[in-house]
Amino acid sequence: MDDLIANIEQRLQDVSSLLEPDGLNHDILDAMRALDRADFVPPDQQRRADQDRPLPIGHGQTVSQPTVVAMMTHLLAPRYREKILEIGTGSGYQTAVLSALVHKVHTLELTPDLAREARHRLTRLGYDNIRFRIGDGHLGWPEAAPFQKIIVTAAATAIPDPLVEQLGDGGRLVIPIGDQGDVQKLTVVEKNEAGVASVRPVLDVRFVPLRRSDAG
Ligand code: SAH
């Protein structure tokens, strides 16, 4: 596990200009150090859990590469008092990292089996500040809005309007934008205190697609 964290720190040196002015928030590394990624992957992937790469979690989905989890969390700049919306619960690994850093996490997952597995896993591990829902992240979670921060862990073809609407003033959305099967741009959307959004592409990433629910 410590090897994994050291590896992440080293890889993040390569993109250190993105982490300015203060470098990577050490609370994020502490939160990741406290987790065993083997708890979040199927038995046949557990011996790979310490590697800094994405791993299959069933249903054609993956748990993200730890360096990317650290990077996205850094860009989100979570603060303890905040309420965060995560889209794409998957294994619940990113959810667990966020849970350690903020007051409340709302997490949405389109694949019912993954949502149920993640809820059982995180409940068993003792997390008690997470709300789970099965649904299409394109629509967000209007009843619980506004959120100070929103993080999307699957690639959308465009920034979904409802997510920008559900962001509080001064809030921030981190989302990979681009076509499926291609490299996407990890994008930061910031809403200023006057409610005006600005968009900043940050770095190239590769994510599974943010799917449309069949219900439309
Ligand atoms: N954060 C996850 C990574 C999961 S991969 C982890 O740490 O394990 C992306 C996840 O997004 C998958 O579980 C996929 O089922 C889910 N997903 C895809 N389209 C979605 C949508 N429209 N709404 C919600 N979740 C979606």
Side-chain angles (χ1 to χ4, degrees), residues 1 4 28 30-73 76 78 82-145 147 149-156 160 163 166 173-176 205-215:
M1 223 352 126
L4 175 62
I28 296 174
D30 289 345
M32 292 179 71
R33 201 175 276 121
L35 292 176
D36 186 351
R37 197 162 171 252
D39 286 337
F40 294 82
V41 297
D44 63 338
Q45 296 297 328
Q46 281 171 358
R47 67 194 162 82
R48 300 199 179 92
D50 261 2
Q51 298 175 10
D52 191 24
R53 43 184 265 196
L55 295 174
I57 55 171
H59 303 273
Q61 306 303 320
T62 54
V63 52
S64 306
Q65 179 181 348
T67 298
V68 173
V69 172
M71 190 66 165
M72 287 181 81
T73 309
L76 196 67
E82 292 176 341
K83 179 173 72 173
I84 291 195
L85 174 63
E86 177 196 37
I87 312 257
T89 316
S91 68
Y93 180 77
Q94 170 82 70
T95 324
V97 173
L98 292 171
S99 162
L101 297 168
V102 303
H103 173 63
K104 187 104 198 168
V105 182
H106 286 66
T107 186
L108 262 173
E109 168 59 55
L110 189 58
T111 306
D113 283 352
L114 287 176
R116 282 192 282 266
E117 280 169 34
R119 181 159 56 83
H120 288 140
R121 172 178 296 131
L122 291 169
T123 304
R124 191 178 68 236
L125 292 171
Y127 293 89
D128 61 1
N129 64 343
I130 304 169
R131 287 191 61 196
F132 298 85
R133 179 182 276 191
I134 297 167
D136 183 353
H138 287 98
L139 307 175
W141 191 324
E143 300 87 342
F147 300 95
K149 305 284 167 61
I150 302 178
I151 181 171
V152 183
T153 66
L163 299 188
Q166 290 170 33
L173 160 67
V174 175
I175 180 169
V205 285
R206 232 176 233 282
F207 272 85
V208 297
L210 188 69
R211 305 187 317 276
R212 294 272 169 196
S213 69
D214 294 337

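One is the number of the first residue; the rest follow in order along the sequence. Just so we're clear, the structure is a prediction, and the values are computed from it rather than from any experiment.
A donor-acceptor pair under 3.5 Å is formed between the side chain of Lys83 and the backbone N or O of Ala144. The backbone N or O of Asp39 sits less than 3.5 Å from a side-chain atom of Arg121, completing a donor-acceptor pair. A donor-acceptor contact shorter than 3.5 Å links the side chain of Asp52 to the backbone of Thr67. Ser213 places no side-chain N or O within 3.5 Å of a backbone atom of Asp136 that could act as its donor or acceptor partner.
In this structure, Ala31 and Val97 approach most closely via the heavy-atom pair CB-O, 4.1 Å. In this structure, Trp141 and Phe147 approach most closely via the heavy-atom pair O-CE1, 3.7 Å. Smallest separation of non-hydrogen atoms from Val152 and Pro176: O-CD, 3.1 Å. Across every non-hydrogen atom of Ala70 and Met32, the tightest pair is CB-SD, 3.8 Å. When every heavy atom of Gly137 is checked against every heavy atom of Leu163, the shortest pair comes out as O-CD2, 3.5 Å.
Residues passing the side chain to side chain donor-acceptor pair (under 3.5 Å) test with Arg206, sequence neighbours excluded: none. Residues that satisfy the side chain to side chain donor-acceptor pair (under 3.5 Å) test with Gln45, not counting sequence neighbours, are Arg48. Shown here are the side chain to side chain donor-acceptor pair (under 3.5 Å) partners of Glu82, two or more places apart in sequence or in another chain: Lys149. For Val174, the side-chain contact (heavy atoms from CB on, under 4.5 Å) partners are Met72, Leu75, Leu76, Leu186, Val188, not counting sequence neighbours. When the side chain to side chain donor-acceptor pair (under 3.5 Å) test is applied to Gln94, the partners found at least two apart in sequence or on another chain are Thr73. Looking at residues two or more places apart in sequence or on another chain, you find no salt bridge (charged side-chain N to carboxylate O under 4.0 Å, His left out) involving Arg53.
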Legend entry - Chi angles and distances behind the side chain to side chain contact (heavy atoms under 4.5 Å, CB included) call for Thr153, Ile87: CA-CA 6 Å; Thr153 66; Ile87 312 257; over 6 Å; no

Inset, instruction - Could you walk me through whether Thr89 and Leu114 pass side chain to side chain contact (heavy atoms under 4.5 Å, CB included), step by step? - result: CA-CA 8 Å; Thr89 316; Leu114 287 176; over 6 Å; no

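Residue pairs meeting the ring-ring contact (aromatic ring centres under 6.0 Å, His included) criterion with at least one partner in residues 33-72, sequence neighbours excluded, are Phe40-Tyr93. Residue pairs meeting the ring-ring contact (aromatic ring centres under 6.0 Å, His included) criterion with at least one member in residues 109-132, sequence neighbours excluded, do not occur. Pairs of residues two or more places apart, or lying in two chains, that qualify as salt bridge (Lys or Arg N to Asp or Glu O under 4.0 Å) and include a residue from residues 106-120 are Asp113-Arg116.
Side-chain contact between Ser91 and Val41: absent, with no pair of heavy atoms (C-beta onward) separated by less than 4.5 Å. Side-chain contact between Phe207 and Ser64 is present, with heavy atoms from C-beta onward closer than 4.5 Å. Side-chain contact between Ile150 and Ile84: absent, with no pair of heavy atoms (C-beta onward) separated by less than 4.5 Å. For the pair Glu86 and Leu98, the minimum side-chain heavy-atom distance is below 4.5 Å. The shortest side-chain heavy-atom distance between Ile175 and Pro160 falls under the 4.5 Å cut-off. Contact annotation: the side chain of Leu110 never approaches that of Ile134 to less than 4.5 Å [non-hydrogen atoms, C-beta and beyond]. Taking 4.5 Å as the limit, some side-chain heavy atom of Thr107 sits within range of a side-chain heavy atom of Ile130.
Taking CG of Leu108 as the reference point, atom NE2 of His138 lies at 12.0 Å (rounded to 0.5 Å). Atom OG1 of Thr95 sits about 6.0 Å away from atom CG of Leu122, to the nearest 0.5 Å. Taking CD of Gln65 as the start and CE of Met71 as the end, the distance is 11.0 Å to the nearest 0.5 Å.
A donor-acceptor contact closer than 3.5 angstrom links the side chains of Thr111 and Arg211.
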Please tabulate, for side-chain N and O atoms in residues 99-106, each donor-acceptor pair with protein atoms closer than 3.5 Å (sequence neighbours left out).
unit_1 : atom_1 : unit_2 : atom_2 : d
Ser99  : OG     : Asn129 : OD1    : 2.6

